[in-house]
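Presented below is the structure to which this report refers.
Given the structure is predicted, the values throughout are model-derived calculations rather than measurements. Keep in mind that the numbers below use all heavy atoms, side chains included, and drop hydrogens, waters and symmetry copies. Quick note on labels: first sequence line is chain A, next is B, and so on, each numbered from 1.
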Amino acid sequence: MTQKTSVLATENDTPQDDNILKAAKLKKLAAFEAAGGNAFPHKFHRTDRAGDLQEKYASLENGVETTDKVTIAGRIMAMRNNGMFIDLHDPSGKVQVFCHKDSTPAEVMAQLDYFDLGDIIGVSGTVRRTPRGELSVRAIELTMLTKSFAPLPDKYHGLTDVEARYRQRYLDLIMNDQSRNTLRTRTKIVRAIRDFMNGIGAMEVETPLLHGIMGGASAKPFITHHNALDSNFFLRIAPELYLKRLVVGGFADAVFEIGRNFRNEGVSPRHNPEFTMIEAYHTYFDYYDVMTHIEDMVRYVVQTVHGTTSIQYGEHTLDFGAPWQRKTMVGIVQEETGVDFLTITDPAAARAKAKELGVHVEANANWGQVVEAIFAEKGEHKLIQPTHVMDHPFDISPLSKLHRDNPLLTERFESYANGWEICNAFTELNDPRDQLARFQDQVAAREAGDEEGMMMDEDFITALEYGLPPTGGWGMGIDRMVMLLTNSTNIRDVIAFPTLKPIGGGAK
RNA sequence: GACCGUGUAGCUCAGCCGGUAGAGCAACUGACUUUUAAUCAGUAGGUCGCGGGUUCGAGCCCCGCCGCGGUCACCA
């Protein structure tokens, strides 16, 4: 019987690194390189992926050996019996590697001493299923592909520290199936949305993130500075006004943009300072057409991602298959409070009514703000099944066209599911005279101290003066949608690298 | 921004009334083996988030600060 000793057994140098675990790996690396090994080769040719092998050999019976030779590559996630069994993971799945002295050459067995958990290796060998049922590759060759210096977390408990999971997402992805699946589902959702939009002939476009004038939404902005132009810019809070300019230009019958917006507001389980939205504009749509379109698209996305049109979120089953409910905002307020605000249009009277209902509103709130506040407090959270909330007050909808039947209202709707707003849409305001007046109202509110009021965008007015055809537009928060479809309770779980406070305070 | 909670080994967690800092995994040295969180023996590993204070003595008590989480406010 031969005495088996570690390649490190004779080494006696003191670890230089303060982390003893890293030092051990570096020592192993040094021994490997001293023996002529390349820990970071440039290229490796693999023939198969772990997950594909699992599918291909799904019916291979326990204890059966094949002569099929495969070459795989992946990260060592577990080693048992001194490396006799290795769990090798690649993005498609996992397969076990089996190294045995009877079939694996001695010089190849010796390689095992250089391997650590976390290393990325290549394996060539034959496919078998062990008597206990684990699909394995019986190793004939082992190749170091990337040496890992950092120790992996506990193989059983994994990485659970939430801060570490967000700050070191790479490690989270290595360790946690759920994180991987959630972020992969995000990718699939975005692809499904894009496929649907392309399928109806909409043109995907890109518009500026650096805005000289803030507009398109009500929000506090980030401000940045361009040196050569010696100008401050706002990071965009919405792409809306640029997308409509494209429609004015006759660029396409429908345009859409999927991109990041930035709002300098609170961080919460449902708010990240940078978030992803899709906005789209369809010529000759009114908001009824947009409602149908949203239902079709969401149904397609849910079906594509989940294979069914109803999904589970927490305790609720959400059905995106059936036609969505359509309710007016004032109608919901009336349902919940018994008060018909269409008959209380004086702002002071409306504010008084709000107070009576126990809803706090600002002292100078206008009629629309009162209605919205009551809706938000009394009605919003009850909208579990997909619902279009229609006909928002004119004075909270500065880019929406007035309602064809009631000038207090606009042809706007917000779609809700699970109590969350997932979509905001309207028949676009295209009368430049009206738009100018709305902007003037916004500017006045701004001057009165409303930080979120829009700024006057004269060029946008000019664009409308050339003629924006009748158009329906909408925006949808992708992150919220991903949360719904992945049963996630925190927006940070659906963003690969959520905004966190920089260690050490960040840029000053 | 306010309130509540939390921070101990690379990871996951214990740590009593204030009395020498603990375990499992990972690592290292061996043993053994067709394993599935392999097993067995041994070894090493700590700025107890940071800074003050109280005390003979602080991981624990007090004050301040920092990070993270939750709730609220604002918002999508």
Side-chain angles (χ1 to χ4, degrees), chain A residues 1 3-12 15 17-28 62-63 77-87 94 96-103 116-118 128-136 138 148-168 171 174-175 217-220 237-238 261-277 279 360 362 376 380 414-416 420-424 451-452 475-481 483 489-492 498 500-505:
Chain A
M1 177 165 145
Q3 176 73 18
K4 182 176 177 296
T5 53
S6 163
V7 290
L8 305 178
T10 56
E11 304 276 339
N12 197 28
D17 199 271
D18 55 352
N19 183 323
I20 193 163
L21 297 174
K22 183 173 172 185
K25 288 168 188 290
L26 291 174
K27 196 171 161 187
K28 213 176 268 196
N62 291 2
M77 292 302 289
M79 285 201 272
R80 293 178 290 279
N81 292 28
N82 290 355
M84 181 183 286
F85 302 97
I86 295 172
D87 285 348
K94 118 183 183 190
Q96 178 171 270
V97 175
F98 179 61
C99 301
H100 195 277
K101 59 182 191 303
D102 292 346
S103 55
D116 281 309
L117 289 184
R128 65 186 292 252
R129 191 177 292 280
T130 65
R132 300 207 184 186
E134 191 70 42
L135 187 71
S136 305
R138 184 185 281 277
S148 164
F149 297 170
L152 290 179
D154 187 305
K155 65 186 170 189
Y156 185 64
H157 298 94
L159 184 72
T160 62
D161 180 82
V162 286
E163 184 177 359
R165 287 184 45 233
Y166 297 145
R167 287 198 193 272
Q168 296 181 274
L171 193 52
I174 289 171
M175 299 304 298
S218 298
K220 292 175 199 149
I237 56 173
N261 295 302
F262 305 86
R263 298 190 185 174
N264 205 341
E265 288 161 353
V267 174
S268 85
R270 291 190 18 219
H271 299 85
N272 198 62
E274 49 179 310
F275 64 102
T276 302
M277 271 185 40
E279 277 198 18
H360 173 78
E362 296 296 326
E380 193 176 277
E414 292 178 306
S415 307
Y416 284 80
W420 303 351
E421 181 199 328
I422 57 172
C423 179
N424 182 24
E451 272 185 273
E452 300 187 356
M476 176 178 285
I478 300 278
D479 311 276
R480 291 277 175 85
M481 205 63 207
M483 287 175 70
T489 54
N490 194 316
I491 196 168
R492 296 182 185 94
L500 297 177
K501 192 149 184 172
I503 300 286

Separation of the C1' atoms in B:U8 and B:G46, to the nearest angstrom: 8 Å
Of the listed nucleotides B:G70, B:G67, B:G69, the one nearest the side chain of A:Leu500: B:G69
Which nucleotide, in any strand shown, forms a Watson-Crick or G-U wobble pair with B:G45, with both distances under 3.5 Å? none
Under 4.0 Å between any heavy atoms, over every strand shown, what does A:Leu117 touch: base, sugar-phosphate, or nothing? Just pick one. sugar-phosphate
Write down the distance between NZ (A:Lys155) and P (B:A27), rounded to a whole number of angstrom. 8 Å
Expressed in angstrom and rounded to an integer, what is the separation of A:Arg128 atom CZ from B:U34 atom C1'? 7 Å
Whole Å only: how far is the CG atom of A:Asn82 from the P atom of B:A31? 9 Å
So what's B:A9 paired with, Watson-Crick or G-U wobble, going by both distances under 3.5 Å? none
In terms of base orientation, is B:C17 syn or anti, with the syn window spanning 90° either side of 0? syn
Nearest-Å distance once atom C1' is located in both B:C68 and B:C62: 24 Å
So does A:Ala164 get a backbone contact from the side chain of A:Asp161, meaning a donor-acceptor N/O pair under 3.5 Å? yes
Determine the Euclidean distance between corresponding P atoms of B:C25 and B:C40; express it in Å to zero decimal places. 8 Å
Would you say A:Asn272's side chain and A:Phe275's backbone share a donor-acceptor pair under 3.5 angstrom? no
Would you tell me if any nitrogen or oxygen in the side chain of A:Thr160 comes within less than 4.0 Å of OP1 or OP2 on B:C13? yes
Taken to the nearest whole Å, CG/A:Asn261 to P/B:A76 is 11 Å
Side-chain N or O of A:Arg167 less than 4.0 angstrom from OP1 or OP2 on B:C68? yes
Contacts of A:Pro153 and A:His100 projected onto RNA chain B by closest heavy atom; the upstream (5') one is A:Pro153
Hey, is the side chain of A:Asp154 pairing donor to acceptor with the base of B:G24 inside 3.5 Å? yes
Mind checking the CZ-NZ spacing from A:Phe149 to A:Lys25? Nearest 0.5 Å is all I need. 10.0 Å
Strand partner of B:U20, provided both Watson-Crick or wobble distances fall under 3.5 Å: none
Under 3.5 Å donor-acceptor, A:Asp154 side chain and A:Tyr156 backbone: yes
B:G59 -> Watson-Crick or G-U wobble partner, both distances under 3.5 Å, gives none
Rounding to the closest angstrom, what is the interatomic distance between B:A38 and B:G22 at atom P? 28 Å
Taking atom P of B:U34 as reference, at what distance in whole Å does atom CZ of A:Arg138 sit? 12 Å
Once you apply a heavy-atom cut-off of 4.0 Å, does A:Thr130 come out as touching a base, just sugar-phosphate, or nothing? base
For B:G30, the Watson-Crick or wobble counterpart (both distances under 3.5 Å): B:C40
At under 4.0 Å between heavy atoms, what does A:Gly266 touch on the DNA or RNA strands: base, sugar-phosphate, or nothing? base
Sugar-phosphate only, base, or nothing, as touched by A:Glu452 at under 4.0 Å among non-hydrogen atoms: sugar-phosphate
Rounded to whole angstrom, note down the C1' distance from B:C13 over to B:A21. 14 Å
Using a 3.5 Å distance criterion without hydrogens, assess whether the side chain of A:Glu265 forms a donor-acceptor pair with backbone atoms of A:Lys220. yes
Testing B:C28, B:U12, B:G67 for proximity to the side chain of A:Lys501, the answer is B:G67
Any-strand Watson-Crick or G-U partner of B:U54, both distances under 3.5 Å: none
So what does A:Arg492 touch, heavy atoms closer than 4.0 Å: a base, only the sugar-phosphate, or nothing? sugar-phosphate
Closest to the A:Pro269 side chain: B:A37, B:U34, B:U71? B:U71
Under 4.0 Å, heavy atoms only, any strand: does A:Glu421 hit a base, just the sugar-phosphate, or nothing? sugar-phosphate
Mark this stacking check for A:Trp420 against B:A76 as yes or no, applying ring centres under 5.5 Å and ring planes under 30°. no
Using a 4.0 Å heavy-atom cut-off, does A:Gly475 contact any base of the nucleic acid, only the sugar-phosphate backbone, or nothing at all? nothing
When the C1' atoms of B:A37 and B:A26 are considered, how many whole Å apart are they? 12 Å
With P as the reference atom in both, quote the distance from B:A23 to B:A41 in angstrom, rounded to an integer. 14 Å
Given atom NZ of A:Lys220 and atom P of B:C74, what is their separation to the nearest angstrom? 10 Å
Check every strand shown and say whether A:Asp161 touches a base, only sugar-phosphate, or nothing at a heavy-atom separation below 4.0 Å. sugar-phosphate
Students often get this wrong, so: under 4.0 angstrom with heavy atoms, is A:Ile422 touching a base, only sugar-phosphate, or nothing? nothing
Distance check needed: B:U39 C1' versus A:Met79 CE, whole Å only. 17 Å
Rounded off to whole Å, could you give me the CG-to-P distance for the A:Asp102 and B:U34 pair? 10 Å
Both distances below 3.5 Å, Watson-Crick or wobble geometry, any strand: find the nucleotide opposite B:A73. none
Over all strands shown, is A:Asn490 touching base, sugar-phosphate only, or nothing at heavy-atom distances under 4.0 angstrom? sugar-phosphate
For a side-chain hydrogen bond (donor to acceptor under 3.5 Å, both in side chains) check, start with the C-alpha distance between A:Gln96 and A:Ser136, then their side-chain angles and the critical distance, and finish with the verdict. CA-CA 4 Å; A:Gln96 178 171 270; A:Ser136 305; 3.1 Å; yes
side-chain N/O A:Lys25 vs B:G10 OP1/OP2, d < 4.0 Å: no
If you assign each of A:Asp479 and A:Ser268 to its closest nucleotide in RNA chain B, which residue comes earlier from the 5' end? A:Ser268
Do any N or O atoms from the side chain of A:Arg129 and from the backbone of A:Gly63 form a donor-acceptor pair under 3.5 angstrom? no
CG on A:Asn261 to CE on A:Met277, rounded to 0.5 Å: 5.5 Å
So does A:Asp479 pair up with A:Arg270, basic N to acidic O under 4.0 Å? no
Distance check, C1' atoms only: B:G7 and B:A14, in whole angstrom units. 15 Å
